[in-house]
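A quick note: this is a predicted structure, and the numbers were derived from the prediction, not measured.
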Amino acid sequence: MYGGGYIHQEESTKKQPEAVVEDPAKLAEFQARIDRGEKIEPHDWMPTMYRKQLIRMIEQHAHSEIIGSLPEGTWITRAPNFKRKMALIAKVQDEIGHGHLLYTACETLGKPREQMINDLLSGKSKYSNVFNYPAVTWADVTVIGFLIDAAAIVNQLANSKGSYGPYCRALERICAEEAFHLKQGHDAFVFLATGTQQQRDMLQAAVNRWYKPIIHFFGPSDKESVHSEQLMRWKVKMASNDDMRNQFFDMYVPKVREVGIDFPDPNLKKDPETGKWSFSDPDWDEFYEVIKGNGPCNAERLAVRKWAEETGLWVRQALATPYTKTTVPLA
Amino acid sequence: MSEENNSLDPRIQRLDLPQGESTVKPNEYWGTFEVFLQEKRGKHHQHVGSLHAPDQDMALIFAKEQYGRRGRCVNMWVVKTTDIVAFQLEDEDMFATTPDKTHREAGIYKVRDRIQEYQERQKNA
């Protein structure tokens, strides 16, 4: 589903730029290869900074897929009918599959999957902020399936044109499956929007709840960031946070409004001159608080993830030694 | 934010969730296998990606789940990633002249001109 539209940068790396000095000749050759549109493969030489940033990005993306399936997974047992339930099960399975694809892609850069999981459980690694909010009603599930997935696709389509081969290949597969997620989400969204007044009210309330997290999803404006510029030259980051957010509004505000639902923001407007959307301040302080671990569901998400890890342990152990013989007592 | 979180998640409401640290040990998730998928009888198996599995049998089961969920598929291969042998990427220049070896290709063998010229000559003889 969802890449971290916003890739969280740990405080420590924000303050002190990488001290690694790269060989300028190799660096130039590396840049030339990327400029020619060639992909970088795991055994190629790459700058330390490139490797580190990709690990952070792919790992956060992988965690987001796994954690992102939790708010929706909660609703599988309470889906309103069989058709929606089948679609939701298929979607949640896809998300877990995406997580696995991304863990293997990230491992090619040298960080073992076990370490990534440990960093997630300990809170060291982050995942997309949106999944720290609860899905209160079924309408929230449709908003996630439609709008959060839509936001994620904007991000992932951009990244699939990036420079690192294994990540691009994983993203191509992911984007193909996301097409189904988006369509089933849109279908469920339109169904509620064109239903009874009660259904419409429920949907509008859910859209109101998710508006801020959706804006947060793409991250704060990064236009001024030098760091971001370097990553764009290396095709690690393919578009600025603002550009992706703008693209999302362009594509999806009309689709929300055409069924008589709207985002709860009188200042959400497109400037016909510049083509840029403006919106009210979405409270970036809240965004940073949630990243720090103080969102409504941070603790809950990690607790469930830990539970899955611990209750799955005996299965992994059994699989590791599948031919162990046991003796059944005769009496 | 919300201190009293009345979670909707049945796992939160009904399970005794673990407290404190839990750690995954190195290699607990095994090594990786590469997956090759055959879309149709008679076609080549094509590489589609990799996955983690404890052994070959489980790798096949996981391959079906991970890469055979939708679309056509009639068969799959799994191969341990460490069993794959490849050239070094920096040696790719050894293939650089291959496209120049046109004497290996059908396209450069053109006889029509010569035949026409021969037939002209015969006619005028």
Let's test your reading of the structure: which of [options] forms the most heavy-atom pairs below 4.5 Å with chain A?
options	result
B:Ser50, B:Pro54, B:Ser22	B:Ser22
B:Asp55, B:Val24, B:Asn27, B:Val48	B:Val24
B:Lys25, B:Gln66, B:Met58	B:Gln66

For [X] and [Y], does a side-chain donor sit closer than 3.5 Å to a side-chain acceptor?
X	Y	result
A:Asp140	A:Tyr133	no
A:His43	B:Gln88	no
A:Glu107	B:His52	yes
A:His181	A:Glu95	yes
A:His61	A:Glu65	yes
A:Glu172	A:Ser160	no
A:Tyr103	A:His98	no

Residue part contacting chain B, namely of [X], when any heavy atom lies under 4.5 Å:
X	value
A:Ala176	neither
A:Arg113	side chain
A:Gln317	neither
A:Leu101	both
A:Leu70	both
A:Leu319	both

Which of A:Glu114, A:Gln93, A:His100 touches chain B most, by non-hydrogen pairs under 4.5 Å
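Winner by heavy-atom pair count: A:Glu114.
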Any chance you could lay out the side-chain contact (heavy atoms from CB on, under 4.5 Å) test for A:Thr142 and A:Asp187, step after step, and finish with the verdict?
CA-CA 9 Å; A:Thr142 72; A:Asp187 188 278; over 6 Å; no
Does any heavy atom of chain A fall under 4.5 Å from the side chain of B:Thr32, the backbone, both, or neither of them?
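When you check distances to chain A, only side chain atoms of B:Thr32 fall under 4.5 Å.
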